[in-house]
Novice: 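Before we start, here is the structure in question, set down as structure tokens.
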Amino acid sequence: MSNDASTVKPYNPEGGKKEQVADMFNNISKTYDLLNRFMTMGIDTIWRKKAIKLLKPLQPQMILDVATGTGDFALESIRILNPKKIIGVDISQGMLDVAAEKAKKKGVESQFEVRLGDSESLPFEDNTFDAVTVAFGVRNFENLEQGLSDIRRVLKPGGKAIILELSNPTAFPIKQLFNFYFHKVVPAMGKVISKDNRAYEYLPESVAKFPDGQRFAAITDKVGFASCNVRPQTFGFCTIYECNK
């Protein structure tokens, strides 16, 4: 892999990242939504809406939500875009169980299907989906290039990948405030709420190591995307990547 994000692992430096990420999300699945709201101070709901609305001109009917987690992005996509079908793939069964329960409560089980699967080896034919979405998931890929290449593979020609990911602010004093909050406050609260001491230390570490901004766009170019628009949000806390096949 061309960047060092793969070296950041939730638990054991010696083991595989993929298995550890699955274990971590299984461990925190019951408290993940609460902690996610806290970690982003609730702004993640605004980022999600902005990202999904970029797909409106495309009117996608078949959408794949990679690393779907507890399904928030997929469910918001159903509300805004009303596609025929969204398939959510994740390596954590614990997270998928929460997503399926939410879909049932909202009465959208026929539109939203969840599947256990590897984001870097997607169980779908080439050129299957009008759009692929990933919210806060690509930094957990073991091999980022492989994951992005597979996302491109399953997209139809002319399709679009919308990727939402946390990033590292660079301007003073936002950078300093972000680092204090993310590296001190978030892990402390994570330990209290999730009872998983390591998970919320891993999350800020994974953001710090992630190749964000134009470095990420360069990787999408390398794997064959035609273009990638980089859209920083909220002082650079988060970035929306709009990638076209």
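The chain is numbered in sequence order, starting from 1. Every heavy atom of this structure was used, including side-chain atoms; hydrogens, water molecules and symmetry mates were not.
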Novice: For Ala217, is there any backbone N or O sitting under 3.5 Å from a side-chain donor or acceptor partner on Asp221?
Specialist: no
Novice: Any donor-acceptor pair under 3.5 Å linking the side chain of Asn244 with the backbone of Ala226?
Specialist: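 Not confirmed, Asn244 side chain does not pair with Ala226 backbone.
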Novice: Please state whether the rings of Phe216 and Phe210 are parallel, tilted or perpendicular, taking 30° and 60° as the class boundaries.
Specialist: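 It falls in the tilted class, 30° to 60°.
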Novice: Just checking, any donor-acceptor pair under 3.5 angstrom between side chains of Asn140 and Tyr202?
Specialist: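 The criterion, which ignores hydrogens and geometry beyond distance, is satisfied for Tyr202 and Asn140.
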Novice: Do Leu81 and Ile63 have side chains that get closer than 4.5 Å, going by heavy atoms?
Specialist: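 They are in side-chain contact.
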Novice: Do Asp90 and Val114 have side-chain heavy atoms sitting under 4.5 Å apart?
Specialist: no
Novice: Salt bridge or not for Glu76 and Arg79, using N-O below 4.0 Å?
Specialist: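 Looking at Arg79 together with Glu76, the answer is yes, because their closest N to O distance falls below 4.0 Å.
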Novice: What is the distance from atom CG of Asp44 to atom OG1 of Thr234, rounded to the nearest 0.5 Å?
Specialist: 10.5 Å
Novice: Answer with yes or no after comparing the ring centroid distance for Phe136 and Phe73 against a 6.0 Å cut-off, counting only values under it.
Specialist: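 No: the rings miss the under 6.0 Å criterion.
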Novice: In this structure, would Tyr181 and Phe178 fall into the same cluster of hydrophobic residues linked by side-chain contacts under 4.5 Å?
Specialist: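 Same cluster.
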Novice: Indicate the atoms forming the closest heavy-atom contact of Ala131 with Pro60, along with that distance.
Specialist: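 Nearest pair, atom of Ala131 first, then Pro60: CB-CB, 4.0 Å.
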Novice: Please check if the number of heavy atoms outside Gln93 that lie under 6.0 Å from its CD is greater than 12.
Specialist: yes
Novice: What is the distance from atom CG of Asn127 to atom NZ of Lys156, rounded to the nearest 0.5 Å?
Specialist: 9.0 Å
Novice: Would you check if the side chain of Asn26 reaches a backbone N or O of Ala22 as a donor-acceptor pair within less than 3.5 Å?
Specialist: yes
Novice: Restricting to side-chain hydrogen bond (donor to acceptor under 3.5 Å, both in side chains), what partner residues turn up for Asp65, sequence neighbours left out?
Specialist: Thr68, Thr133
Novice: Taking all heavy atoms of Pro211 and all of Leu144, pick out the closest pair and write down the distance.
Specialist: CG-CD2, 3.8 Å
Novice: Return the set of residues passing side-chain hydrogen bond (donor to acceptor under 3.5 Å, both in side chains) with Ser77 (not counting sequence neighbours), or none when no residue passes.
Specialist: none
Novice: Below 4.5 Å, heavy atoms only, C-beta onward: do Glu165 and Thr239 meet side chain to side chain?
Specialist: no
Novice: Charged N to carboxylate O under 4.0 angstrom, Arg139 versus Asp212?
Specialist: no
Novice: Of all the heavy-atom pairs spanning Pro169 and Ile174, show the shortest one and how long it is.
Specialist: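 Minimum heavy-atom contact is CB-CG2, 3.7 Å.
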Novice: Once rounded to the nearest 0.5 Å, what's the spacing between atom SG of Cys238 and atom CZ of Arg231?
Specialist: 12.5 Å
Novice: Counting only N and O atoms by type, is there a donor-acceptor contact under 3.5 Å from the side chain of Arg48 to the main-chain atoms of Asp72?
Specialist: no
Novice: A side-chain contact here means heavy atoms from C-beta on lying under 4.5 Å apart; do Leu155 and Lys160 qualify?
Specialist: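 They are not in side-chain contact.
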Novice: Working note: Ile162 + Ile240, criterion side-chain contact (heavy atoms from CB on, under 4.5 Å); need CA distance, chi angles, decisive distance, verdict.
Specialist: CA-CA 7 Å; Ile162 297 291; Ile240 300 170; 4.2 Å; yes
Novice: Where the side chain of Asp150 meets the backbone of Leu122, is there a donor-acceptor pair that is under 3.5 Å apart?
Specialist: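 Looks like yes, one N/O pair under 3.5 Å.
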Novice: With under 30° as parallel and over 60° as perpendicular, where do the rings of Phe124 and Phe129 fit, or are they tilted in between?
Specialist: perpendicular
Novice: Under a single-linkage definition using a 4.5 Å side-chain heavy-atom cutoff for Ile, Leu, Val, Met, Phe, Trp and Tyr, are Val108 and Val98 assigned to the same hydrophobic cluster?
Specialist: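 Different hydrophobic clusters.
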Novice: Show the nearest heavy-atom pair for residues Pro83 and Ile78, with the distance to one decimal.
Specialist: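 What the structure gives for the nearest pair is CD-CA, 3.9 Å.
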Novice: Measure the spacing between CZ of Phe225 and CD1 of Ile163 and express it to the nearest 0.5 Å.
Specialist: 6.0 Å
Novice: I need the Asp33 CG to Ile28 CD1 distance, nearest 0.5 Å.
Specialist: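 So the gap between those two atoms works out to 10.0 Å.
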Novice: Would you say the side-chain atoms of Lys84 pair up with the backbone N or O of Gln61, donor to acceptor, closer than 3.5 Å?
Specialist: no
Novice: Using modelled atom types and a 3.5 Å cut-off, is there a donor and acceptor pairing between side-chain atoms of Ser167 and backbone atoms of Gly236?
Specialist: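 Judged by distance alone, yes, a pair lies under 3.5 Å.
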Novice: Return the CG to CG distance between Leu54 and Asn229, rounded to the nearest 0.5 Å.
Specialist: 8.5 Å
Novice: Can a donor-acceptor pair be found, under 3.5 Å and without considering hydrogens, that links the side chain of Glu120 to the backbone of Asn143?
Specialist: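 Present.
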Novice: Between the side chains of Gln111 and Asn82, does any donor sit under 3.5 Å from an acceptor?
Specialist: yes
Novice: Measuring only between side-chain heavy atoms, which start at C-beta, is Thr70 closer than 4.5 Å to Ser29?
Specialist: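 Not in contact.
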Novice: Between Phe141 and Val66, does the side-chain contact (heavy atoms from CB on, under 4.5 Å) criterion hold? Intermediate values first, please.
Specialist: CA-CA 11 Å; Phe141 286 5; Val66 173; 4.0 Å; yes
Novice: Please name the pair of heavy atoms, one in Ala74 and one in Ile86, separated by the smallest distance, quoted to 0.1 Å.
Specialist: O-CD1, 3.4 Å
Novice: So, for Gly88 and Leu96, which heavy atoms are closest and what is the spacing to 0.1 Å?
Specialist: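 Reported closest heavy-atom pair: O-CD2, 4.1 Å.
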Novice: Count I, L, V, M, F, W, Y as connected when their side-chain heavy atoms are under 4.5 Å apart, and connections chain through other members. Are Leu177 and Val186 then in the same cluster?
Specialist: no
